[in-house]
There are 2 protein chains.
Amino acid sequence: MQKGEVIRKKIIDTADALFYQQGFAHTSFTDISDALGMSKGNFYYYFKTKDDILNAVIKKRSEAIRLDLEQWDKLESEPRKRLKKYVAMLTASQDVIAKYGCPVGSICSELSKLHHENLNNASEMFEVYRQWLEEQFRQLGYKKEARILSLRLLSRGQGIALITSTYNDKVFFQHEIAEIMAWIENL
Amino acid sequence: MQKGEVIRKKIIDTADALFYQQGFAHTSFTDISDALGMSKGNFYYYFKTKDDILNAVIKKRSEAIRLDLEQWDKLESEPRKRLKKYVAMLTASQDVIAKYGCPVGSICSELSKLHHENLNNASEMFEVYRQWLEEQFRQLGYKKEARILSLRLLSRGQGIALITSTYNDKVFFQHEIAEIMAWIENL
DNA sequence: TTGTAAATAGGACATACGTCCAACTATCCT
DNA sequence: AGGATAGTTGGACGTATGTCCTATTTACAA
């Protein structure tokens with residue numbers, strides 16, 4: 001019903017934040033229901049297993065990414081500016097990245113160890129960004145190289161996020177972001 | 001005594017492999033003692049807490065890295081060739097990286113969420129590499145930039161490892177390694 | 001106002017975990 | 001050989017986890 005859907009979304013949002021901040025393995029059913037002020041039994045009414053809630057979180061994130069990209073497509077028509085918008089998004093998230101790393105990368109890193117089924121779903125989040133990036137590179141004239149360039153930009157962001165959160169060094173973060181911006185400018 | 005030290009090292013090696021393949025959180029005392037064919041009680045005789053064994057693993061890895069770097073210093077005298085040796089090491093590990101990611105990066109990513117105390121120890125593994133890389137860049141004539149360049153090389157390796165293990169795509173891996181090699185060549 | 005479905009509550013359950021211990025055996029020194 | 005030390009065992013312990021169930025309350029339709 002109506003109310004159920006609202007609660008469902010609230011649960012997903014809370015689980016999303018906890019998975020990001022504590023990691024999937026370190027977040028328990030009780031953690032989530034406690035954070036919601038909700039009984040475990042009621043939580044179970046909405047999500048039967050931990051994988052269910054993880055999949056819901058991943059699905060929600062993928063959709064959110066898709067919506068962001070649609071917005072960017074509307075706001076910017078030039079592919080170069082769109083690429084810069086992607087990098088600017090990273091900059092805007094620098095504080096949380098320094099604390100918890102990249103929300104996509106850290107969960108993929110966790111799931112890539114043994115939890116193969118959901119890794120495929122999680123890597124979908126990368127794919128949404130990647131295909132969009134690839135399209136921008138293609139429009140910049142890079143036909144055969146577009147795919148590898150999209151992976152490279154993704155990859156650099158991941159490396160920067162990991163080093164930044166490990167060293168807790170935002171100076172490095174900003175330095176690298178500037179370098180990438182310059183790289184895009186000269187493409 | 002003698003025997004104890006041998007067993008101790010065997011335990012550390014086994015825990016090392018399991019932490020790498022399954023992650024720290026997903027590896028239990030029982031997992032390790034089972035893999036060793038040893039009773040939990042005996043394991044406890046050597047390591048009292050999970051943090052103890054983690055620290056021992058990190059310490060062992062750091063030492064191993066230091067020894068590798070010493071070897072490279074002896075084998076190669078030119079800084080450019082030394083940098084290439086670092087990248088060649090990544091190439092040699094591409095199969096395990098595709099499966100489990102970077103051993104250093106994946107544990108730092110895991111520990112950076114909430115487990116602050118041991119993260120400092122874990123990031124020491126990065127530091128060993130980083131300081132050595134910085135020295136090579138410095139010898140190449142990059143004085144002020146040496147630090148940032150060392151972080152960049154570290155960072156790119158991390159991004160590549162994560163994307164490679166997520167997508168299980170060794171073609172991308174090799175492409176990026178080649179690109180980095182060319183970058184080093186033209187420094 | 002009922003009857004039906006949705007939503008909530010609290011706790012049962014089996015299992016797994018990290019930690020710890022008391023007792024036993026092997027090893028070594030004198 | 002005897003005694004001290006090192007090494008080993010299996011299981012106890014309290015707690016936490018994921019899953020599940022039954023009972024109760026709320027909300028809406030007839």
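Values below: every heavy atom of this structure, side chains too, minus hydrogens, waters and symmetry copies. Within every chain, numbering begins at 1; the chains are lettered A, B, ... in the order of the sequence lines, protein sequences first and strands thereafter.
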Between [N] atom [atom2] and [X] atom [atom1], what is the distance in whole Å?
X	N	atom1	atom2	result
B:D51	C:dC17	CG	P	17 Å
B:Q22	C:dC17	CD	P	10 Å
A:N42	D:dA23	CG	C1'	14 Å
A:I53	D:dT19	CD1	C1'	15 Å
B:I11	D:dG7	CD1	C1'	11 Å
A:F47	C:dA7	CZ	C1'	14 Å
B:F43	C:dC21	CZ	C1'	17 Å
B:I32	C:dG18	CD1	P	8 Å

**Message:** Of the listed nucleotides (C:dT19, D:dT19, C:dT8), which one gets closest to any side-chain atom of A:Y45?
**Reply:**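 Nearest listed nucleotide: C:dT8.
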
**Item:** Side chain of A:Y44 - closest among D:dC20, D:dT8, C:dT8
**Value:**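 Shortest atom-to-atom distance from the side chain points to D:dC20.
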
**Request:** Using the salt bridge (charged side-chain N to carboxylate O under 4.0 Å, His left out) rule, collect all pairs that involve residues 20-39 of chain B, keeping only residues at least two apart or in two chains.
**Result:**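 Applying salt bridge (charged side-chain N to carboxylate O under 4.0 Å, His left out) to every pair that reaches into residues 20-39 of chain B, excluding sequence neighbours, yields nothing.
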
**Request:** Could you note down all residue pairs passing salt bridge (charged side-chain N to carboxylate O under 4.0 Å, His left out) where residues 161-176 of chain A supplies at least one of them, sequence neighbours left out?
**Result:**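 For residues 161-176 of chain A: A:D95-A:K170, A:R156-A:E176, A:D169-B:R147, A:E176-B:R152.
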
**Asked** Quick one: do A:F24 and B:Y100 end up in the same hydrophobic cluster if we chain Ile, Leu, Val, Met, Phe, Trp and Tyr together by side-chain heavy atoms under 4.5 Å apart?
**Response**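 Hydrophobic grouping puts A:F24 apart from B:Y100.
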
**Request:** Would you verify whether the NZ or CZ of A:K48 falls within 45 degrees of the ring axis of A:Y44 while also being under 6.0 Å from that six-membered ring's centre?
**Result:**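 Judged by the rule (NZ or CZ under 6.0 Å from the ring centre, within 45° of its axis), A:K48 counts as positioned above A:Y44.
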
**Message:** Under the rule for side-chain hydrogen bond (donor to acceptor under 3.5 Å, both in side chains), what residues qualify as partners of B:S106, not counting sequence neighbours?
**Reply:**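 Partners of B:S106 by the side-chain hydrogen bond (donor to acceptor under 3.5 Å, both in side chains) criterion, ordered by chain and then number, come out as A:K113.
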
**Message:** Tell me every residue that passes side-chain hydrogen bond (donor to acceptor under 3.5 Å, both in side chains) with A:Q131, counting only those two or more places apart in sequence or in another chain.
**Reply:**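 Once residues adjacent in sequence are excluded, the partners of A:Q131 under the side-chain hydrogen bond (donor to acceptor under 3.5 Å, both in side chains) criterion are A:E127.
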
Distance-only check: which donor-acceptor pairs under 3.5 Å involve side-chain atoms of residues 56-64 of chain A, not counting sequence neighbours?
unit_1	atom_1	unit_2	atom_2	d
A:K60	NZ	A:D13	OD1	2.9
A:K60	NZ	A:D16	OD2	2.8
A:R61	NE	A:D16	OD1	2.7
A:R61	NH1	A:P103	O	2.9
A:R61	NH2	A:D16	OD1	2.8
A:S62	OG	A:I58	O	3.1
A:E63	OE2	A:R66	NE	3.3

Return the polar atom pairs (N/O with N/O) between nucleotides 11-18 of chain D and the protein under 3.5 Å, or none.
unit_1	atom_1	unit_2	atom_2	d
D:dG18	OP1	A:K50	NZ	3.0
D:dG18	OP2	A:F29	N	2.9

Interface polar pairs with nucleotides 22-27 of chain C, N/O, under 3.5 angstrom:
none

Under 3.5 Å, sequence neighbours excluded: what are the donor-acceptor pairs made by side chains of residues 69-76 of chain B?
unit_1	atom_1	unit_2	atom_2	d
B:D73	OD1	B:R82	NE	3.4
B:D73	OD1	B:R82	NH1	3.4
B:D73	OD1	B:W132	NE1	3.0

**Request:** Return the set of residues passing side chain to side chain contact (heavy atoms under 4.5 Å, CB included) with A:R80 (not counting sequence neighbours), or none when no residue passes.
**Result:**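 Checked A:R80 against side chain to side chain contact (heavy atoms under 4.5 Å, CB included); matches are A:L140, A:I184, A:E185, A:L187.
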
